[in-house]
Amino acid sequence: MPMNLRGRNFLRELDFTPAEISYLLDLSRKLKDDKKVGIRHRLLDGKNVALIFEKPSTRTRCAFTVACVDEGAHPEYLGKNDLQFGKKESVKDSARVLGRMFDAIQFRGFSHRTVEELARWAGVPVWNGLTDLWHPTQMLADFQTVIEEFGHLNGLGFAYVGDGRNNVARSLLVGGAKMGMDMRIVSPKDLFPEKDLADTVKKIAAETGGKITITDKIAAGVKHAKVLYTDVWVSMGEEAEWNSRLKKLRPFQVNQQMVDMTDENDMIFLHCLPAFHNHDTELTKTEGALEVSEEVFEGPHSRVFDEAENRVHTIKAVMVSTLGA
Ligand code: CP
Ligand code: NVA
């Protein structure tokens, strides 16, 4: 279906229709196929793109950079010490300056209000590369990976296990409702998504034929899930919660026993990354695996590196559809 997203921001899934999300996923697949056989489009030729990062990033930063260069745009990285953003200059003023110089802006940071404010005043498309509330470009890459495996999203059992109220969980929940999926959040009760959001996604699912389950019962929550998904238990900015989260979330580790509970031989495991799955990071040197066991992370069901690669193609789809010629 032809779709015109030119000039649109990409801030959160709630702003997009199922048809628009499908369009972005189809476009991403086409751009991926073309890149694999060496077809280059240069759909962003001559554009300048600001990449603002208040928080660290490997995948998102690199995906935006590679997508820009693939399509002929110039990416300019602005780290947390490079801007006066909100400290010596208001977000509103910074937005109006950047909007005069750049053709689009990516923002990764803390408050979702900041990216909304940027979008309100910049006068150019603004893309959300993660805020405390949403991670919409991640959702696109995750769903593309699911489609590559199963060919569809509609009706598919998808269980997100862990911190049910973080940015990734919230984006997947809304995305899943929009795409008519059998979407489950499996987490301790005090980490369930907020009631307002739960009510909203249930309404969306009633229109799309999707199903929403929010539960702390692991066995029922993961049964017949084709996708088991987890994310870190402590998101960026929540470091003070480390000990209490580990204690609370240990029973929710994705491990072989949980994989077996799905009772689906062809299920896949996804994680947005970075992941704590062994002793190889400073933070888990003594603890070892947290949200996912080494066995599952490195095992035959894991698709986490396909998923990471898909960040480039899906981000490129967002960029060319909102900014392209
Ligand atoms: N998944 C993700 O957003 O990774 P980065 O934090 O490395 O960008
Ligand atoms: N929920 C995580 C996602 C990292 C990509 C965080 O916000 O730190």
Side-chain angles (χ1 to χ4, degrees), residues 10-13 28 49 51-68 75 77-80 106-112 114-115 127-146 160-175 185-188 191-194 197 227 229-242 245-246 248-249 252-254 269-277 280-284 290-292 297 302-316 318-319:
F10 191 72
L11 303 186
R12 52 176 203 165
E13 292 79 357
S28 172
V49 174
L51 303 176
I52 305 175
F53 283 84
E54 281 182 351
K55 289 176 177 172
S57 166
T58 299
R59 281 141 289 269
T60 308
R61 173 182 176 174
C62 296
F64 270 101
T65 304
V66 169
C68 276
Y77 177 80
L78 299 157
K80 69 174 182 343
Q106 183 281 163
F107 174 81
R108 162 173 288 202
F110 293 89
S111 169
H112 190 73
T114 307
V115 80
W127 307 309
N128 177 5
L130 179 148
T131 61
D132 287 345
L133 290 187
W134 307 105
H135 197 3
T137 62
Q138 182 68 51
M139 174 281 298
L140 287 178
D142 301 339
F143 286 5
Q144 173 164 356
T145 313
V146 172
Y160 173 99
V161 185
D163 175 6
R165 54 172 52 199
N166 78 11
N167 39 21
V168 171
R170 294 163 53 89
S171 274
L172 289 169
L173 185 58
V174 176
I185 299 285
V186 185
S187 74
L191 294 175
F192 278 2
E194 307 86 311
L197 180 62
V227 182
Y229 194 112
T230 192
D231 182 11
V232 288
W233 292 339
V234 184
S235 287
M236 290 179 273
E238 298 182 324
E239 289 72 16
E241 310 280 320
W242 183 263
R245 285 287 172 79
L246 262 52
K248 202 176 292 176
L249 281 159
F252 292 82
Q253 183 189 68
V254 176
F269 168 71
L270 297 180
H271 190 309
C272 56
L273 308 182
F276 293 121
H277 56 95
D280 292 350
T281 70
E282 243 171 61
L283 285 170
T284 58
L290 298 181
E291 73 273 8
V292 54
F297 187 90
S302 181
R303 298 290 179 275
V304 295
F305 297 108
D306 297 312
E307 183 186 7
E309 180 197 323
N310 284 337
R311 299 296 309 284
V312 177
H313 311 297
T314 44
I315 280 172
K316 193 185 283 178
V318 170
M319 294 175 72

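Just so you know, ligand 1 is whichever comes first in the structure, and atom 1 is the first atom listed for that ligand.
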(message) Run the ring-ring contact (aromatic ring centres under 6.0 Å, His included) test against W233 and tell me which residues pass, sequence neighbours left out.
(response) none
(message) With heavy-atom distances below 4.0 Å as the criterion, list the atoms of ligand 2 near L273.
(response) 5 (C)
(request) May I ask you to check whether K55 has an N/O atom sitting below 3.5 Å from an N/O atom of ligand 2? (result) no
(message) Residues around ligand 1, heavy atom under 4.0 Å from any ligand atom, sorted by chain and number. Can you pull those?
(response) S57, T58, R59, T60, R108, H135, Q138, C272, L273, R311
(message) Determine whether T114 and T131 satisfy the following criterion, side-chain contact (heavy atoms from CB on, under 4.5 Å), listing intermediate values before the conclusion.
(response) CA-CA 9 Å; T114 307; T131 61; over 6 Å; no
(message) Side chains of F10 and T137, heavy atoms from C-beta outward: is any pair under 4.5 Å?
(response) yes
(request) Report yes if the side chains of R170 and E194 come closer than 4.5 Å at any heavy-atom pair, otherwise no. (result) yes
(request) Answer yes if the side chains of Q144 and S28 hold a donor-acceptor pair under 3.5 Å, and no otherwise. (result) yes
(request) Decide yes or no on side-chain contact (heavy atoms from CB on, under 4.5 Å) for R12 and V174, but give the supporting numbers first. (result) CA-CA 9 Å; R12 52 176 203 165; V174 176; over 6 Å; no
(request) Find all atoms of ligand 2 within a distance of less than 4.0 Å from any non-hydrogen atom belonging to N166, and give their numbers and elements. (result) 1 (N)
(message) Are any of the N/O atoms on D231, whether in the backbone or the side chain, positioned under 3.5 angstrom from an N/O atom of ligand 2?
(response) yes
(message) Once ring-ring contact (aromatic ring centres under 6.0 Å, His included) is applied, do any residues pair with H277, and if so which ones, sequence neighbours excluded?
(response) F297
(message) Just to confirm my output: which protein heavy-atom neighbour is closest to atom 8 (O) of ligand 2, and how far is it?
(response) M236 N, 2.8 Å
(request) List for me each residue that meets ring-ring contact (aromatic ring centres under 6.0 Å, His included) alongside F276, sequence neighbours excluded, and say none if there are none. (result) W242
(message) Which heavy atom of N166 sits nearest to which heavy atom of V168, and what is that distance?
(response) OD1-N, 3.0 Å
(message) Tell me the protein heavy atom at minimum distance from atom 7 (O) of ligand 2, and give that distance in Å.
(response) N167 ND2, 2.8 Å
(request) Between T60 and ligand 2, find which residue part has any heavy-atom pair under 4.0 Å and reply side chain, backbone, both or neither. (result) neither
